[in-house]
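Each chain gets a letter, A, B and so on, in the order the sequences are listed, and its residues count up from 1.
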Amino acid sequence: MKVSSSNFKSNARQALDDKQLQSALNHVRNNFISKRSKARLDLPEFDALRDNARAIKDHTLEHLDFYLEHYERKVVESGGKVHWAADAVEARGIIMDICRKTNAKTVTKGKSMISEEISLNEFLAANSIIPVETDLGEYIIQLRGENPSHIIAPAVHLNIDQVRDEFRKAHTHLSPNRPMNEPETLLGEAREILRGKFLTAELGITGANFLVAETGSSLIVTNEGNGDLTQILPRVHVVLASIDKIVPTLEDLAQITRVLARSATGQEITVYSTLSTGPRRKEDEDGPEEYHVVLLDNGRSSMLGTEFSEMLRCIRCGACMNHCPVYQAVGGHAYGWVYPGPMGAVLTPSLIGVDKAGHLPNASTFCGRCEAVCPMRIPLPKMMRSWREREFEQHLVPPAHRKNLALWAWLAKHRRLYRLTTGLAARILAIRGGLSKRINKLPMAEGWTKHRILPAPEGATFMKLYRRRLRKGR
Amino acid sequence: MSSREQILKKIKGSLRKTQTVHTSDEQRNQAVLARINQHPRGIIPARTSLSRQDLLYHFCEKVKASEASCKIVESYEKAGIEIQKFLRQHNLPQLVRIGTDQRLNKLGWENEPPQLLIGPSDGQDLVCVSHAQYGVSETGTLVMTSGPENPTTLNFLPETHIILLNKKNLQESYEDSWAALRQRYGKEKLPRTVNMITGPSRSADIEQTLILGAHGPLRLHVIVIDGK
């Protein structure tokens with residue numbers, strides 16, 4: 001997937017002016033938040049489960065090498081194969097190899113963000129293999145040639161009219177005058193078409209929400225059932241998962257899944273949670289004959305042991321973006337790569353470099369809601385701050401910005417001069433504020449006052465008040 | 001060096017950097033084996049600390065909350081009659097896809113029995129009946145295991161899915177199901193597919209409007225056999 005994170009500012013401006021997008025984003029603003037909040041209230045143990053989920057993942061990451069080895073052993077015991085991929089190129093090569101051996105022409109796909117991360121669809125298409133996204137949202141955006149704008153609701157940026165137009169364009173074998181007013185009709189149409197694909201595809205690729213070390217199983221959670229049809233109908237099932245998806249045991253899995261759906265869609269549990277272990281057994285009459293797991297690193301092992309290590313706890317529920325005022329305002333595409341919102345602002349620079357994605361950790365109000373709702377209690381604002389520091393250290397910040405900061409730092413270290421300057425500035429601003437005590441336009445900070453009103457300072461400076469109080473105290 | 005070795009080496013290296021107290025690889029490996037061996041339970045929601053009968057009612061409430069329907073009957077004989085009634089009510093043909101689960105032989109029929117098609121589904125079936133391995137009262141979830149008894153395709157392809165559950169197999173939590181699965185299939189083992197199903201399939205991908213019947217069944221009916 002092409003990276004356009006460095007255009008965040010212009011992407012965001014465009015998104016803010018896009019009326020259609022703004023109306024679609026209302027669904028994020030209204031739905032997700034209230035549903036999560038209700039689910040949380042319905043489970044008194046919710047916050048304790050979050051603590052536990054966090055502890056489980058921390059333990060797993062501290063022992064990741066051994067859990068991966070145990071997991072691999074169990075997959076092999078159950079008749080499956082594990083392929084290790086250091087990066088996107090290697091992962092794509094492995095999948096291509098399996099496709100060739102399978103003689104696959106059509107590949108059905110369950111929803112997988114890792115697949116986006118390694119640009120799998122473009123790659124398969126370039127190699128004459130037809131990838132078919134089967135999650136309804138993913139199917140819609142694949143028709144449109146778009147990328148997901150949300151990690152769990154990929155088509156959340158669209159309204160029904162756009163879906164209808166797209167279906168009319170793509171499904172030309174159907175009458176152009178057919179009734180298409182209701183979302184039910186559109187879903188029915190997609191179901192019908194994809195059913196055919198499910199039954200003919202030679203190979204199915206799914207992601208994994210978790211990999212269970214104890215049994216060598218992959219778990220996927222879906223509401224549509226598309227992931228399941230992808231993994232039981234074709235002759236070959238390929239699981240594409242990153243190394244951070246491991247959990248130790250089925251019990252640990254249950255702890256974490258209890259907070260996953262509640263944080264994501266506000267459901268207690270998704271309609272389908274499916275554990276897959278190896279290929280079909282000899283007595284089975286359905287299920288895939290081959291089971292492959294592609295275990296992808298792609299930069300994650302380097303995150304371990306750094307200040308961004310905690311990001312590897314992420315279970316991709318999307319709660320951080322649902323609650324983020326920046327995401328709510330600009331949507332997911334503005335972030336310019338696979339992962340949007342606060343988790344994307346932390347993960348994207350880790351995976352593709354802060355030089356390309358430095359704008360993302362800067363696009364935060366630091367309101368802290370992302371951390372407050374994160375089921376895995378990932379300190380997202382702290383990590384965004386760390387990225388800002390790294391960006392500065394690596395001289396990636398524009399020279400004017402750096403100069404101003406250096407001037408500020410110098411001033412702040414000379415307290416007399418600092419107090420004099422700030423005291424003076426406060427008085428000037430108070431005068432400028434006039435009777436209304438509001439400043440609508442501030443020289444040198446027009447960018448800031450363009451959308452906001454600065455309240456004028458009132459009364460004495462902090463230091464003056466402090467001294468006065470000290471004197472009184474004595 | 002293969003990618004496998006490379007990745008594992010990198011992980012070990014990264015972890016060593018952060019260790020405040022020195023733990024040897026051997027100690028870490030032992031910790032992993034111990035956790036997998038003991039598989040400690042975490043927090044289990046108190047909502048299912050109920051009497052057997054209330055656990056059943058809680059289960060049915062949760063099934064209904066998941067947009068499925070739920071019926072309690074006294075026996076397998078009565079379950080068959082309930083299936084026929086359900087098919088009539090929904091204007092469905094008396095033609096049912098099933099697996100080879102022995103328990104389904106005990107179903108009793110009223111008048112003309114429905115025609116039974118045995119084996120996995122090829123996507124042409126309208127209705128199927130399968131038997132759940134367990135039910136989880138916590139969320140009204142049915143635990144289905146793969147095999148010729150109840151082929152996995154039955155859980156997803158037919159439009160209407162009827163699932164039978166024996167009250168004896170009703171459990172409080174997911175953890176209880178894991179314990180039962182371990183007993184049945186062995187330590188650190190699972191059947192090829194374990195489907196945990198909570199309600200009929202759905203999508204909210206078009207303007208966040210919830211619509212039932214996405215790629216899986218449109219209708220899910222759960223019949224619990226509560227033999228006295």
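Contact record, B:S201 with A:Y272: CB-OH, 3.3 Å, taken as the closest heavy-atom pair. Between A:A153 and B:Q208 the shortest heavy-atom distance is CB-NE2, 4.0 Å. A:A254 and B:W178 get closest at one heavy-atom pair: CB-NE1, 3.7 Å. In terms of heavy-atom proximity, A:H70 sits nearest to B:E188 at CE1-OE1, 3.2 Å. Taking both residues in full, the closest heavy atoms of B:S203 and A:L187 are given as CB-CD1, 4.3 Å, listed atom of the first, atom of the second, then distance. Taking all atoms of both residues into account, the shortest heavy-atom contact from B:D205 to A:P154 is OD1-CD, 4.2 Å.
Residue A:E182: no heavy atom, backbone or side chain, is found under 4.5 Å from chain B. Contact annotation for A:A24: neither backbone nor side-chain heavy atoms come within less than 4.5 Å of a heavy atom of chain B. Of the atoms belonging to A:E90, it is side-chain heavy atoms, and not backbone ones, that fall under 4.5 Å from chain B. In this structure, chain B has no heavy atom under 4.5 Å from any part of A:H150. Neither the backbone nor the side chain of A:F46 comes within contact range of chain B; no heavy atom of the residue lies under 4.5 Å from a heavy atom of that chain. Interface residue A:T270: only backbone heavy atoms are found under 4.5 Å from chain B. Interface residue A:S217: only side-chain heavy atoms are found under 4.5 Å from chain B. Within the 4.5 angstrom heavy-atom criterion, only side-chain atoms of A:L68, from C-beta onward, approach chain B. Residue contact with chain B, scored on non-hydrogen atoms closer than 4.5 Å, involves the side chain of A:H59 exclusively. Looking at A:P279, only its backbone comes within 4.5 Å of chain B, counting heavy atoms on both sides. Residue A:R300 does not touch chain B at all, counting heavy-atom pairs closer than 4.5 Å. Heavy atoms closer than 4.5 Å to chain A are found nowhere in B:S2, neither backbone nor side chain. Contact of A:F198 with chain B is made through the side chain alone, with heavy-atom distances under 4.5 Å. For A:N159, the parts lying near chain B are the backbone and the side chain together; criterion is any non-hydrogen pair under 4.5 Å. Residue B:P200 touches chain A through its backbone alone, counting heavy-atom pairs closer than 4.5 Å. For A:D65, the parts lying under 4.5 angstrom from a heavy atom of chain B are both the backbone and the side chain. Neither the backbone nor the side chain of B:N37 comes within contact range of chain A, judged by heavy atoms closer than 4.5 Å.
Checking side-chain atoms of A:R191 against main-chain N and O of B:A214 turns up a donor-acceptor pair under 3.5 Å. Between the side chain of B:H215 and the backbone N or O of A:T134 there is at least one donor-acceptor pair closer than 3.5 Å.
Options A:R281, A:E184, A:M303, A:E72 differ in how many heavy-atom pairs under 4.5 Å they form with chain B, and the most are formed by A:R281. Per-residue heavy-atom pair counts under 4.5 Å with chain B were compared for A:T277, A:T306, A:T249, A:L158, and the maximum is reached by A:T277. Per-residue counts of heavy-atom pairs under 4.5 Å with chain A were compared for B:A46, B:G13, B:P191, B:A179; the largest is that of B:P191. For the set B:A31, B:G199, B:P148, B:P217, the count of heavy-atom pairs under 4.5 angstrom toward chain A peaks at B:P148. Among B:K9, B:E138, B:E67, the residue with the largest count of heavy-atom pairs under 4.5 Å with chain A is B:E138. Note on B:K62, B:R16, B:E149, B:M144: by heavy-atom pairs under 4.5 Å with chain A, the leading option is B:K62. Across B:I211, B:I43, B:I206, the residue that shares the most heavy-atom pairs under 4.5 angstrom with chain A is B:I43. When A:R258, A:Q267, A:Q162, A:E45 are compared by the number of non-hydrogen pairs under 4.5 Å with chain B, A:R258 comes out ahead. The greatest number of non-hydrogen atom pairs below 4.5 Å with chain A, out of B:M196, B:R41, B:R4, B:Q6, is found for B:R4. Here A:N226 is the residue among A:V163, A:L219, A:N26, A:N226 with the most heavy-atom pairs under 4.5 Å with chain B. Per-residue heavy-atom pair counts under 4.5 Å with chain B were compared for A:D297, A:I232, A:V156, A:I160, and the maximum is reached by A:I160. The most heavy-atom pairs under 4.5 Å with chain B, out of A:H83, A:E138, A:E283, come from A:E283.
Residues B:L190 and A:L250 have side chains in contact (heavy-atom distance under 4.5 Å, counting atoms from C-beta outward). A heavy-atom distance below 4.5 Å is not found between the side chains of B:K17 and A:L304. Looking at A:P248 and B:V32, their side chains never come closer than 4.5 Å, going by heavy atoms from C-beta outward. Taking the side chain as every heavy atom from C-beta outward, A:S302 and B:K10 approach each other to under 4.5 Å. Inter-residue side-chain proximity for A:E62 and B:R28 is flagged as unmet; no heavy-atom pair is nearer than 4.5 Å. A:D228 places none of its side-chain heavy atoms less than 4.5 Å from the side chain of B:N155. Side-chain atoms of A:I243 and B:I11, non-hydrogen and from C-beta on, do get closer than 4.5 Å to each other. B:R47 has its side chain within reach of A:L43: a pair of non-hydrogen atoms, C-beta onward, lies under 4.5 Å apart.
Taking CZ from A:F66 and CG from B:L33, the interatomic distance works out to 9.0 Å, rounded to the nearest 0.5 Å. With values rounded to the nearest 0.5 angstrom, A:R280 atom CZ is found 10.0 Å from B:T152 atom OG1. Annotation: the span from B:H39 atom NE2 to A:E251 atom CD amounts to 5.5 Å, rounded to 0.5 Å. Going from atom NZ of A:K74 over to atom NZ of B:K189 covers 5.5 Å, rounded to the nearest 0.5 Å. With rounding to the nearest 0.5 Å, the separation of CD in A:E214 from CZ in B:R182 is 4.0 Å. The structure places CD of A:E268 at 10.0 Å from OG of B:S66, a figure rounded to the nearest 0.5 Å.
When each of B:T193, B:L157, B:T153 is paired with A:D286, the side-chain contact (heavy atoms from CB on, under 4.5 Å) condition holds for B:T153 and for no other.
Heavy-atom neighbours of chain A within the stretch residues 162-177 of chain B, taken at a separation under 4.5 angstrom, comprise B:S173, B:Y174, B:E175.
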